[in-house]
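The block underneath contains the structure these notes are about, expressed in structure tokens.
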Amino acid sequence: MPELPEVERVRRRLAPAMAKARFERVRLNRADLRRPFPTGFARRLRGQTVTALTRRCKYLLGHLSSGDTLVMHLGMSGSFRVEPTADARARRDPDAALEYRHDHVVFEMSSGQTVTFNDPRRFGVMDLVRAERAGAERQRPSALHQLGPEPLSKAFDAISLAERLAGRRVPLKVALLDQRVVAGLGNIYASEALHLARLSPQRRASTLTTASGGPRPGVVRLAAAIKSVLTRAIRLKSTDDYSSSGRFRVYDRESDRCPTPGCKGTIRRVWQAGRSTFYCPDCQR
DNA sequence: ATTGAGACCTGTCGGC
DNA sequence: TGCCGACAGGTCTCAA
């Protein structure tokens, strides 16, 4: 479901229920999501306090008093519900309603709130990683450790983006979906950012850099567009899902008139790396 | 090392 | 109405 802006909004919604609160009860309704839950998942969480709830890329990170980190990823269809524990318990067993059928993880927090993870497609992930020992991450680098820069941080700019695009022969859109290039873009905001920067999604990534890997003008626009698109999405959204937000420039707008001022183009849809890309062939070069 | 294709799942929507 | 295929916001693994 979510790209960086949606995950960030989920984080802000969960923080009041989870941050500074203790896990009083943890219930798993099945043994796995995309991967099995780590052994002792519930036991290791119980009694721990969440010192802070942060986000890295599309991952939510619950930092625990034990030093361990609760890692949560929403995959395509994951979502969290927050409700008073009394309400959650009252509804428990009798209600096998469709709405709750995919409730896989239930956290009862000392804040009096229950946080429930629901994920129909089960592409989500929950993991509990132990406090890092020196060098541990080099021995077994996980996806988390290979992530590129946070696009809204100062570390992300035209220079760093150019460095990571240099020499890559894949189409620009495909490169933007690679979380090692920039951490948190997904299929929607990759298309959105490219449209705002007026860059063709089909252009080779390496054409945005000079022979030595430096930035060309396009990459300056692209870095700025990525920041702009994500910042606006975080700010504008009234809920965590797309339906109510609706206002995309090109995504899911095939055949619409291009929104670029002065452009008479029509939005097209093409396939790249198995995903649909939306763009305007007239103003995106 | 990089890249593309397929796999993992369920739900929904449009067409017949 | 019901069935069927296409498609969905994300990774991950495997083979070329």
Side-chain angles (χ1 to χ4, degrees), chain A residues 1-11 29-37 55-60 71-80 96-105 117-127 140-148 151 163-194 201-206 213 226 229-230 233-234 236-237 239-255 269-278:
Chain A
M1 158 195 197
E3 302 181 28
L4 185 153
E6 292 72 38
V7 178
E8 176 58 23
R9 295 194 63 95
V10 169
R11 188 193 70 76
N29 292 330
R30 54 177 300 129
D32 59 75
L33 296 171
R34 193 171 82 214
R35 308 196 302 249
F37 291 99
R55 177 191 58 72
R56 170 77 170 108
C57 186
K58 302 168 192 171
Y59 295 87
L60 288 170
V71 179
M72 301 177 278
H73 194 291
L74 290 84
M76 291 277 256
S77 60
S79 65
F80 283 96
L98 289 189
E99 194 185 345
Y100 309 116
R101 180 163 38 154
H102 300 293
D103 286 359
H104 304 311
V105 185
F117 181 66
N118 181 289
D119 185 6
R121 292 177 76 177
R122 303 203 301 275
F123 287 171
V125 170
M126 287 232 181
D127 202 358
R140 214 156 54 84
S142 66
L144 253 178
H145 292 121
Q146 304 220 58
L147 293 173
E163 276 170 10
R164 284 158 195 267
L165 294 177
R168 299 216 38 182
R169 307 174 64 79
V170 284
L172 203 38
K173 159 77 169 352
V174 176
L176 291 185
L177 291 181
D178 185 338
Q179 305 298 299
R180 294 168 303 180
V181 171
V182 48
L185 284 184
N187 204 40
I188 291 180
Y189 296 109
S191 278
E192 295 292 286
L194 286 169
Q202 285 147 330
R203 189 167 156 167
R204 250 182 211 190
S206 57
I226 288 169
V229 157
L230 296 178
I234 292 172
L236 291 183
K237 241 163 231 183
T239 73
D240 294 326
D241 81 329
Y242 297 91
S243 52
S244 64
S245 69
R247 295 268 64 86
F248 297 124
R249 307 170 60 86
V250 290
Y251 185 82
D252 205 18
R253 288 184 169 281
E254 185 180 18
S255 304
R269 166 184 174 140
V270 294
W271 284 92
Q272 293 184 289
R275 328 282 309 271
S276 56
T277 296
F278 298 86

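Every chain is numbered from 1, with letters handed out A, B, ... down the list of sequences. None of these values were measured; they are calculated from a predicted model.
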| Distance, rounded to the nearest Å, where A:Arg269 contributes CZ and C:dC7 contributes P | 6 Å
| message | Expressed as a whole number of angstroms, how long is the span from A:Arg101:CZ to B:dC9:C1'? | response | 13 Å
| request: Identify which one of A:Tyr189, A:Phe248, A:Tyr251 satisfies the ring-ring contact (aromatic ring centres under 6.0 Å, His included) criterion when paired with A:Phe278. | output: A:Tyr251
| Single hit among A:Leu74, A:Val125, A:Leu147, A:Val7 for side chain to side chain contact (heavy atoms under 4.5 Å, CB included) with A:Tyr59 | A:Leu147
| field | Nearest-neighbour nucleotide for the A:Pro120 side chain, C:dT11, C:dC7, B:dG11 considered | value | B:dG11
Contact list (N/O, under 3.5 angstrom) for nucleotides 14-16 of chain C vs protein:
none

| request: Run the salt-bridge test on A:Asp32 and A:Arg30 with the 4.0 Å N-O cut-off and return the result as yes or no. | output: yes
| said: Side-chain N or O of A:His102 versus OP1/OP2 of B:dC9: is the shortest distance under 4.0 Å? | reply: no
| Can you tell me which stems DNA chain B forms when a stem means 3 or more consecutive Watson-Crick or G-U pairs under 3.5 Å? | B:2-8 with C:10-16, B:10-16 with C:2-8
| message | Would you call the rings of A:Phe80 and A:Phe117 parallel, tilted or perpendicular, taking 30° and 60° as the class edges? | response | tilted
| query | Going by 5.5 Å between centroids and 30° between planes, is there a stack of A:Phe123 over C:dT11? | reply | no
| Under 4.0 Å between a side-chain N or O of A:Gln179 and OP1 or OP2 of C:dT11? | yes
| query | If you measure from the P atom in C:dT11 to the same atom in B:dA1, how many Å do you get, rounded? | reply | 22 Å
| task | Figure out the CG/P separation between A:Asp119 and C:dG10, and round it to whole Å. | result | 13 Å
| note | From the list A:Arg55, A:Arg56, A:Lys58, salt bridge (charged side-chain N to carboxylate O under 4.0 Å, His left out) partner of A:Glu8 resolves to A:Arg55
| Lys/Arg-Asp/Glu bridge criterion (N-O < 4.0 Å) met for A:Asp178, A:Arg168 | yes
| task | With P as the reference atom in both, quote the distance from B:dC9 to C:dC3 in angstrom, rounded to an integer. | result | 25 Å
| message | With a 3.5 Å distance limit and no angle check, can you tell me whether A:Gln272 reaches the backbone of A:Val174 through a side-chain donor-acceptor pair? | response | no
| request: Please state how far atom CD1 in A:Ile188 lies from atom P in C:dC7, giving the value in whole angstrom units. | output: 17 Å
| Side-chain N or O of A:Ser276 closer than 4.0 Å to phosphate OP1/OP2 of C:dA8 | yes
| Nearest-nucleotide pick for A:Arg121, side chain only, options being C:dC7, C:dG10, B:dC9 | B:dC9
Show each protein N/O and nucleotides 3-7 of chain B N/O combination with a separation under 3.5 Å, one pair to a line.
residue: B:dT3; atom: OP1; partner: A:Arg169; partner atom: N; Å: 2.9
residue: B:dT3; atom: OP1; partner: A:Val170; partner atom: N; Å: 3.4
residue: B:dT3; atom: OP2; partner: A:Arg168; partner atom: NE; Å: 3.1
residue: B:dT3; atom: OP2; partner: A:Arg168; partner atom: NH2; Å: 2.9

| said: In this structure, how many angstroms lie between the P atom of C:dT11 and the CZ atom of A:Arg35, rounded? | reply: 12 Å
| message | Quick check: any donor-acceptor pair below 3.5 Å linking the side-chain of A:Arg275 to the base of C:dA8? | response | no
| request: Examine the base of B:dC9 for any acceptor or donor lying under 3.5 Å from a partner atom in the side chain of A:Arg122, and report the outcome as yes or no. | output: no
| Between C:dG10 (P) and A:Glu3 (CD): distance, integer Å | 4 Å
